[in-house]
A.B. asks: 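One structure, pasted below without further comment.
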Amino acid sequence: MESNQTCFRRGVRDGMPIALGYFAVAFTLGIAARNAGFSALQAMVESLTNNASAGEYAVFSLVSAGAGYWEVAVMTLVANARYLLMSCALSQKLAPDTPLVHRMLVAYDVTDEIFGVSIAFPGRLNPWYTYGAVSVALPGWGLGTFFGVAAGSALPARLVSALSVGLYGMFLAIIVPPARKSRVILALVLVSFAASFLAGRWALAAPPGVRTIALTVVISLAAAVLFPVDPAGTEEVAP
């Protein structure tokens with residue numbers, strides 16, 4: 001069995017590519033944070049406490065729209081709900097006698113990438129491996145956001161506007177591959193775009209943040225009921 005120190009170093013090694021990727025993505029989030037009125041320090045603290053691209057983008061978008069605290073909190077919970085499932089899966093990877101404090105520390109930064117490398121750890125997961133990966137990945141995310149805001153404050157407005165497009169490119173890179181493989185996902189993406197557009201055009205009485213939360217919950221629930229996923233794979237099951 002590898003020692004805690006060896007596992008930590010191994011986690012640092014595996015976390016370096018994640019940190020580099022995080023820095024690039026978080027830089028574009030920093031542009032969005034700057035447009036929402038966040039300072040570089042505020043944006044970095046937000047990233048260190050909410051290490052999730054979709055969750056953070058929801059926060060910055062809702063703040064820009066003038067949403068209230070409860071709207072931001074609920075939307076962040078909805079956007080990050082998938083991490084609850086990842087945490088449940090990861091908890092089974094830990095040894096049964098793993099102390100609660102280690103479980104809580106590992107749960108602090110369960111992201112898609114950290115989950116991926118942790119779940120691939122051979123045998124039982126040593127928490128120190130995850131700590132090593134997080135020790136480099138999390139600063140990469142926070143610093144990327146910090147420098148994104150700083151660059152956005154120093155660069156010309158037109159260039160900042162151009163850089164902000166990179167964030168939308170990141171989300172396109174996330175939704176296009178699965179949409180090409182599944183007509184159901186493609187249809188749901190198009191329905192989401194249309195519903196969001198119409199909700200904004202109709203200027204419904206509900207605040208923008210509430211409309212976003214409602215659309216997210218309703219469309220996700222409808223997709224889960226009408227097109228359930230086969231637990232053994234990724235194919236939709238006929239209703």
A.B. asks: Compute the ring centroids of Phe147 and Phe27, then answer whether they are less than 6.0 Å apart.
C.D. replies: no

A.B. asks: Give me the atom names and distance for the closest heavy-atom approach of Thr76 to Gly55.
C.D. replies: OG1-O, 4.3 Å

A.B. asks: Checking Lys93 side chain against Asn126 main chain: does a donor-acceptor pair fall under 3.5 Å?
C.D. replies: no

A.B. asks: Given a cutoff of under 4.5 Å between side-chain heavy atoms of I, L, V, M, F, W and Y, with clusters grown through shared members, what are the other residues clustered with Leu190?
C.D. replies: Leu186

A.B. asks: Can you confirm whether Leu90 sits close enough to Ser118 that some side-chain heavy atom of one is under 4.5 Å from a side-chain heavy atom of the other?
C.D. replies: yes

A.B. asks: Do Val189 and Phe193 have side-chain heavy atoms sitting under 4.5 Å apart?
C.D. replies: yes

A.B. asks: For the hydrophobic clusters of this structure (ILVMFWY residues joined by side-chain heavy atoms under 4.5 Å, transitively), does one cluster hold both Tyr131 and Val101?
C.D. replies: yes

A.B. asks: Give the minimum heavy-atom separation between Ala36 and Val63, together with the two atoms involved.
C.D. replies: O-CG1, 3.8 Å

A.B. asks: Any pair with a residue in residues 96-112 that passes salt bridge (charged side-chain N to carboxylate O under 4.0 Å, His left out), sequence neighbours left out, goes on the list, sorted by first then second residue, please.
C.D. replies: Arg82-Asp112

A.B. asks: Any sub-3.5 Å donor-acceptor pair from Ser64's side-chain atoms to Phe60's backbone N or O?
C.D. replies: yes

A.B. asks: For Trp141, does its backbone N or O pair with a side-chain atom of Thr145 as donor and acceptor, under 3.5 Å?
C.D. replies: yes

A.B. asks: Looking at Val45 and Thr49, what are the two nearest heavy atoms and their distance?
C.D. replies: O-OG1, 2.9 Å

A.B. asks: Determine, stepwise, if the pair Val149 / Ser39 fulfils side-chain contact (heavy atoms from CB on, under 4.5 Å).
C.D. replies: CA-CA 7 Å; Val149 176; Ser39 69; 5.6 Å; no

A.B. asks: Which atoms form the tightest heavy-atom contact between Met75 and Leu62, and what is the distance?
C.D. replies: CB-CD1, 3.4 Å

A.B. asks: Going by the rule side chain to side chain contact (heavy atoms under 4.5 Å, CB included), which residues pair with Arg9 if we only count those two or more places apart in sequence or in a different chain?
C.D. replies: Gln5, Thr6

A.B. asks: Would you mind writing out the side-chain donor-acceptor pairs for residues 18-26 within the sub-3.5 Å range, not counting sequence neighbours?
C.D. replies:
residue, atom, partner, partner atom, Å
Tyr22, OH, Thr111, OG1, 2.6
Tyr22, OH, Glu113, OE1, 2.7

A.B. asks: Which distance, rounded to the nearest 0.5 Å, do you find between the SG of Cys7 and the CZ of Phe121?
C.D. replies: 4.0 Å

A.B. asks: Taking the side chain as C-beta and beyond, is there a heavy-atom pair between Tyr108 and Leu138 under 4.5 Å?
C.D. replies: yes

A.B. asks: Rounded to the nearest 0.5 Å, what's the gap from CG on Asp14 to CZ on Arg10? Could you check?
C.D. replies: 6.5 Å

A.B. asks: Holding to side chain to side chain donor-acceptor pair (under 3.5 Å), I want the full list of residues that pass it with Asn50, two or more places apart in sequence or in another chain.
C.D. replies: Glu46, Asn80

A.B. asks: Judged by atom type as modelled, is there a donor-acceptor pair below 3.5 Å linking the side chain of Glu71 to the main-chain atoms of Gly68?
C.D. replies: yes

A.B. asks: Can you sort out the partners of Ser135 under side chain to side chain donor-acceptor pair (under 3.5 Å), two or more places apart, ordered by chain and number?
C.D. replies: none

